[in-house]
Structures are given as C-alpha cells and as structure tokens.
Engineer: 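Questions regarding the structure given below will be posed in turn.
Ligands are counted one by one from 1 in listed order, and the atoms in each one are counted from 1 as well.
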Amino acid sequence: MAQTGIGGHRRALRRLRTIMAGDGSAQERLDEIVKVVAAEMVAEVCSIYVMRAGETLELFATEGLNPTAVHLTRLRVGEGLVGEVAARARPLNLPDAQSHPQFSYRPETGEEAFHSLLGVPVLRGGRVRGVLVVQNRAQRHYSDEEAETLEVIAVIIAELIASGGLVSPVETAPAQGNAVLAIRLEGVRINGGLATGEAVHHTPRVSIPQLVADDPAAEHRRLAEALSSMHSELDDMLTLDALGRPGEHRDVLRAYRKFAEDRGWLRRIREAIDGGLTAEAAVQKVLDDTRARMRQITDPYLRERMADLEDLAYRMLHHLTGDVRTAHLAEQPEALVLVAHSIGPAELLDYAPKRLKALILEEGSANSHVAIVARALDIPVVGRVKGALSQVDPMDPVIVDGDHSQVYVRPGEDIQQTVAEYFSVRQRRLAAYSAKRDEPAVTKDGVCVSLNVNAGLLMDLQSLEASGADGVGLYRTEIPFMLESELPGVEAQTDLYRRVLEGAAGRPVRFRTLDIGGDKQLPYFRDSADQNPAMGWRSIRVALDRPSMLRQQLRALIVACDGRPLSVMFPMIAEVAEFEAARAILDLEIERAKSRGRRMPEPLEVGAMLEVPSLMWQLDSLLPQVDFLSVGSNDLFQFLFAVDRGNPLVADRYDVLSPGLLSVLENLARRCSENRVAVSLCGEMAGRPIEAMALIGVGFRSLSAPAGTLGAVKTMVNGLDAGALAGFMKTLLSLPDHSIRERLRDYAIDHGIELAEL
Ligand code: PEP
Ligand code: MG
C-alpha cells in the first residue's frame, strides 16, 4: 500500500466510504472504486467482475486493463483465474499468475503485461456476487494484510452490487413466478407426519446501515454489548420453556448457547473490525466467508453447525441494529409451512409454535439440532429438497408429507382430495391405536408379545406413556452425546440417565452403551478417515480401546439407578471375548460403587446385541454368560447381506423377509429359548407389521421399535394365531426365494390379519 500498515488501509476505507456516500450512479462509483483501490494498493491494475445470469462474470470496471474490455470480457465460473476465485469462493494470491494452469489469456484486456495477481471473491448471502482483482507488473507476493484489505473492500462492493444499480436483482434472483403449476418435490424424511399450510420463506434479512467505521474501539464495545444482550436472550430462552414441556430442545439450546461463545468465530469478527468494518459488517463478512466455504463441504455435521452459525449471526445482527425479533410474525399465515435453506434450532423457535405446521429444508439431516427441536414441536420435516426456495413461492399452498418425504406445492383438487382422505384415515387409525393403548399385545391363541419403544431422547419417553409400551427396549445413549459440543462428564451423564429412568416411571429401560462411529460420529471424537466406517473402529471396539469412556458411562448408570433395576447391553459384539472384556469393565465399576457404599442396581441384567453374524457361531459359550440378547437387525442385515444400510442404491436390493435372515433369527430364538435366555429384536423391522408378524412366526416374543409404530404392530398381534403362523413359516424358510413377503401378505389377507402401517 502507498502508506503501509493500518493507517493506509484506513485511508483507503475512508475514501471508499466517501464514494459510497456520494450520489453518482452505481457504475460511476465502481469506476471510482477501482481507481482508489489501485492507487492505495500500489497496483497497476484493479478490476471488478460482477456475476451475471448464467454464472458468468463480466468485467464491470477496471483501472489499468484496456477500458474497451469493460462489459465485453466475460468468464464462466471456473474459467481463468477470476473464474477460479469465484468457483472456490476463496482468495487467490499468485506472484506469477501466467504460469498458473488456470490462467486464461484474454487479448482484449491487455493483461499479458502483468505477472502478479491477488483476487478475492465478492460475497453476499453466501453466494459469490463478483470478483475483485489487483495485478502488478512485477512478480510479487501480496502480504496477508493486503489480502485482508482487499476482502474488506469486497464487502463494500458487495453492498453496491446488492443495491441493484449494476445488475437487476431479477437477473440473479432464484427463479420466481412458478404461477399455478402444481409440483411434487422429493427429499428425505427428517420427521414424519402430514401437514398443510401456506409457504413462508425463511430469509433472514438485516440491512446494515454503515459498513466502514472510524473508531474500531467503539465497534468492539458495540460488539461486546450485543454479545452480552444476545447471551442473556439465549439464557432467557433456556429458562423460558418455549415449547411448554421439557425435552431435548433445552439440551440443544444449551449446546447452541455454548457455540455462541465459540472463540474462533468471535476472533474472526474482531479481526474484521480491526480491519475497519463496523461490527455489523464484520459479523456479516465472517458469515459470508464461512458460508461460501461451507458450500463445498459435504460433512453433514459441519453443515449443520453452519446452520447454527447462521442463526447466531442473524441474531447478533438484530442485536447490533437494535431490531430484536420478538413477534415478527404478526402478518404470517395461521398455518405456516416454513421453507429454508437451513435453519438453526433457536431460529425455528422464533416462529410461533401454534402456527408452524411443517418445515421444508434444502439441507438438513435427521440428526441435526433443528430436527430434534422439530420433533419436540411435532411437525413434519422434509430435508434435502433440492431448490425448495426457488420452486416454492411465498404464500403457495403446500402439503408436507413427512412420512413419505414428499412435498406437494400448489396441489390440484385431486391431490388435495387424496391427502384429505389420507389425513382422515390416519387420524382414525391414531384414535383406534390410542383407544387400545392399555390393552395387552396378545395373539388370538393367547401368546403375549412384549412391545417396547426405541428411544434416545427424553421426549421419546413421553411417547412411551402414549403408546402404552411395556418399556424402553433400546435406549441409544449415543444420541444425547451427539448433541453435545464436548464429551459429557460422569455427572452430566448421571443426571441424564436419572431423568430417563424417572421419565420411564418404573417401566424397564434397556440402556445400550455408547455405539459411536460408523454413521454416528461425535463432533468432539472423530476417528481417522475410515475407508469402511460401518465395519471400522466403532461401537464396542472404541469402548474397549478407550475403556475410560465406557467406565464413566457405566459409573453414571450405576449411580443414576440408585438401587433400582439396571439393564445394560453392549453393542456390536463380534465374539464372546469382547463381551467378557466389557462385562469385566462393568464389574470393576460395580466394585468401585460398592466400595463407596453406593446402592447397587437391583436386579442387574447384562446383555449383548447380536448385530455381527460371527456371534451366531459362539452361542454355546455366549448364552450361559448373558441375561439377554437383543438383535440389532439393522446392522445384522447389513453384515449378513454385505449391504450398506445407508446406501440408497442398494436399499431395496435384498429383503429382510428373506428365508436367509429369517432362518438365522429362527435359529437364534430357538437356541435362546432352549437356554432360557431372553431374546428380543430392536431394529426398524420390528416396527413394520408384516415384518413383526414374521418375527413372531420365527419365535420372537419381545420387540422394540419407534413409538409411533407400536399401535399398528399391536393391531396385527391381536389378529394373529401365533401357533398356526409358526407352522406356516416353517414351510417357507427352506424356500430358495428372494423374499417371502408376498406369501406372508397373502397369508395375512386369508386370515384377516391387519397389516396396515400408519
Ligand atoms: C440395529 O443395528 O438394528 C440397532 C438397533 O442399532 P442401531 O440402529 O442404533 O445401529
Ligand atoms: Mg446397530
């Protein structure tokens, strides 16, 4: 810079501010900006490229390149070095630009004379709106400080582009005007259910009155004040029961509150203030930078954290601009279907729970924080709906079918009619199931089947009561761990398990020890890039290699039980030695608790999950050592058939109702019964009536499934003759068929067994 250091940098910003405040046209201002930047940065060239429709960057202003190239030179995103900056949404700093493989020579610009190049993206709203470039004849490396200065200047240019004076906003806006065309969009199920309403776009917009500041100290003070008022707002949210009932949303908000204190985020905001921006512009800049970079990241956990960060950044901007959102909902429809790219958990709670009927996300995953809050609100959520914001216009009537991961936009009469019928059938079924809540699950020939719920959240325990289940057949302890930002300590775990036991109100709960790894990564505990995570370092393998984690968990369980019954099982046991090793760790903790005078769990039941086929060949030595076995059929099926449970390409290739899997299960149930060891099954198949029927047919008398499925399973059980079914199934298990699903369906029809799912 002409005058190096912060002083020169500030002078440049002051001059730009004067230009921005002046009354020339946007193009005139851009022409002046390139002159000032070139002079202040001692660059022979400064050029600004603006993004136009069709992902094309057009040279809009230049100092130093051939002026006739302005509005003539165009590059596609990814083309040339300018296109490269846009494609990567990152700065490019090159002493010898022409030797870069991406260099693309444009004769009309006359840029062959310039060797070094520093280009930064112009970002706004997480999208690249242009590229700002300086070039010099000499081969030189621009300093970090110069790169930062250019990034700050890019914030100002972004504002100019967004004002619409250069390119009509219509040109780059997402496609609108979907008029009356009815469409159906598909995504992934994040939360089930069916709801209708009017679409509202979730596009948090805050206008930033001033970008450049003279007094960084004052901006730091404003930031500190805004931070503290935001923190107390979040604390209020935590104490105020926004949902009117207890549940994980609190834990989620707590984790989010911690995130609000994230040092890296705050440091980058402070640096941007030091760079000359106002506090608002600094928050916006850090958000834009992060967002643009995150676009290329596929890691679902990181992407979800991005949603939290966006939520926080907007919250912070509202505090800085004094426009704190309270009831920003006055003019919103009574039945509101929110459409968002992504949304943070606290931001979702800003919408009136009574009006919010469903959520459609362009991103999102079932384990995201917002999904958990949405479940607490009991609204259907469909995620990963491509282009939702461009395909659904505000106020469009929308039907969200979370169960089938479908969204109907501007539905015609016929679809509305079909959905209305489906809606009333669903309501009738729900009413029928709840009327049966207290009736036992007994077959016509008097066989009792124990129906239990799979849980992982405190709010699942509320459905335990509502579904009339016998208990919790699988409590996935890793789920609460996944919501935390660090490994919960013994005390936090004890408190959680105590709440689980209290929530279950005397019904038995089967705790499964941590089953992390594979598709269940903990944010603070990442394994090395496993080639094959489902078969890698996961579950009991992690627990036995890091015994202190397992010890702490078992300690917390023992203390939480405080003399009550404790049922605990170890996941992914592949050989008896692993069960023995895990059991030995439990015994150590029992001894420890005894020596401290704690009340012992009474009775204590210890079991293993049968999920890895190898264990089937060690049943003789395993069965005498366990109190029960629980089949994790999701994993067992995956390993028996070598079929990745998360890969949609092979999802329907094999059927759990194959003679192969059912023969294994029949063998297991028989051996357990002969050895008087309780056996149950807690994979997803237990929650589907036809599959649950097959399980009863091969000898299972205890099933555990998501709470919402139990009503349908009980209805099936009540219509069944278990003895007759067992006889029929014996004839099927030796068939060479791919599946016996159709035969079982025919059998059910012939015998009046109801197999409807919700
Ligand atoms: C299973 O594998 O079937 C099971 C119940 O465990 P998870 O789905 O949590 O792996
Ligand atoms: Mg499993």
Engineer: Is it the side chain, the backbone, both or neither of Leu474 that has a heavy atom closer than 4.0 Å to ligand 1?
Structural biologist: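 It is the side chain that touches ligand 1; the backbone stays farther off.
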Engineer: I'd like to check which ligand 1 atoms, numbered from 1 as shown, lie under 4.0 Å from a non-hydrogen atom of Asp635.
Structural biologist: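 Atoms satisfying the 4.0 Å criterion: 1 (C), 2 (O), 3 (O), 10 (O).
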Engineer: Would you say that Met685 contacts Ile690 through its side chain, given a criterion of any heavy-atom pair below 4.5 Å between the two side chains?
Structural biologist: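 A side-chain contact under 4.5 Å is absent here.
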Engineer: Does Asp635 offer a backbone N or O that forms a donor-acceptor pair with the side chain of Glu611 under 3.5 Å?
Structural biologist: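 Not at all, since once roles are kept as given, no pair shorter than 3.5 Å links the two residues.
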Engineer: Between the side chains of Ser680 and Arg510, is a donor N or O closer than 3.5 angstrom to an acceptor N or O?
Structural biologist: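 There is such a pair (donor and acceptor under 3.5 Å, judged by atom type) between the side chains of Ser680 and Arg510.
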Engineer: Quick check: do Phe637 and Glu684 have side-chain heavy atoms less than 4.5 Å from each other?
Structural biologist: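 No, too far: nothing below the 4.5 Å cut-off.
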Engineer: Looking only at N, O or S atoms, find the one in Asp635 nearest to the Mg ion (ligand 2) and name it.
Structural biologist: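 The closest N, O or S atom of Asp635 to the Mg ion (ligand 2) is OD2.
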Engineer: At under 4.0 Å between heavy atoms, is it the side chain or the backbone of Arg512 that contacts ligand 1, or both, or neither?
Structural biologist: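 For Arg512, the contact with ligand 1 is made by the side chain alone.
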Engineer: Name whichever N, O or S atom of Glu611 ends up nearest to the Mg ion (ligand 2).
Structural biologist: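 This turns out to be OE1.
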Engineer: For ligand 1 and Glu478, I'd like to know whether there is a polar contact (N/O to N/O, distance under 3.5 Å).
Structural biologist: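 Between Glu478 and ligand 1 (N or O atoms, distance only) the closest approach is not under 3.5 Å.
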Engineer: By the definition side-chain hydrogen bond (donor to acceptor under 3.5 Å, both in side chains), identify the one residue from Ser704, Ser702, Ser450 that meets it with Asp470.
Structural biologist: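 Exactly one candidate clears the test, Ser450.
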Engineer: Counting backbone and side-chain atoms alike, is an N, O or S atom of Asp515 positioned under 2.8 Å from the Mg ion (ligand 2)?
Structural biologist: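 Asp515 does not place any N, O or S atom closer than 2.8 Å to the Mg ion (ligand 2).
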Engineer: With no hydrogens and no angle check, just 3.5 Å: does a side-chain donor-acceptor pair link Gln625 and Glu580?
Structural biologist: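 Yes, Glu580 and Gln625 have a side-chain donor paired with an acceptor closer than 3.5 Å.
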Engineer: Ignoring angles and geometry beyond distance, decide whether Arg476 reaches within less than 3.5 Å of ligand 1 through its nitrogen or oxygen atoms.
Structural biologist: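 Arg476 vs ligand 1: N/O contact under 3.5 Å present.
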Engineer: If you measure from each non-hydrogen atom of Glu611 to ligand 1, which part falls under 4.0 Å: side chain, backbone, both or neither?
Structural biologist: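 It is the side chain that gets close, since no backbone atom is under 4.0 Å.
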Engineer: Is the Tyr475 ring parallel, tilted or perpendicular to the Phe511 ring (thresholds 30°, 60°)?
Structural biologist: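 Geometry flag for Phe511 against Tyr475: perpendicular rings.
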Engineer: Record the part of Asn454 in heavy-atom contact with ligand 1 below 4.0 Å; permitted values are side chain, backbone, both and neither.
Structural biologist: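 Neither; no heavy atom under 4.0 Å.
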Engineer: Please say which of Lys436, Glu754, Glu439 ends up in a side-chain hydrogen bond (donor to acceptor under 3.5 Å, both in side chains) with Asn718.
Structural biologist: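 Only match with Asn718 under side-chain hydrogen bond (donor to acceptor under 3.5 Å, both in side chains): Lys436.
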Engineer: Considering the heavy atoms of Gly683, write down every atom of ligand 1 situated less than 4.0 Å from one of them.
Structural biologist: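 It comes down to these atoms of ligand 1: 3 (O).
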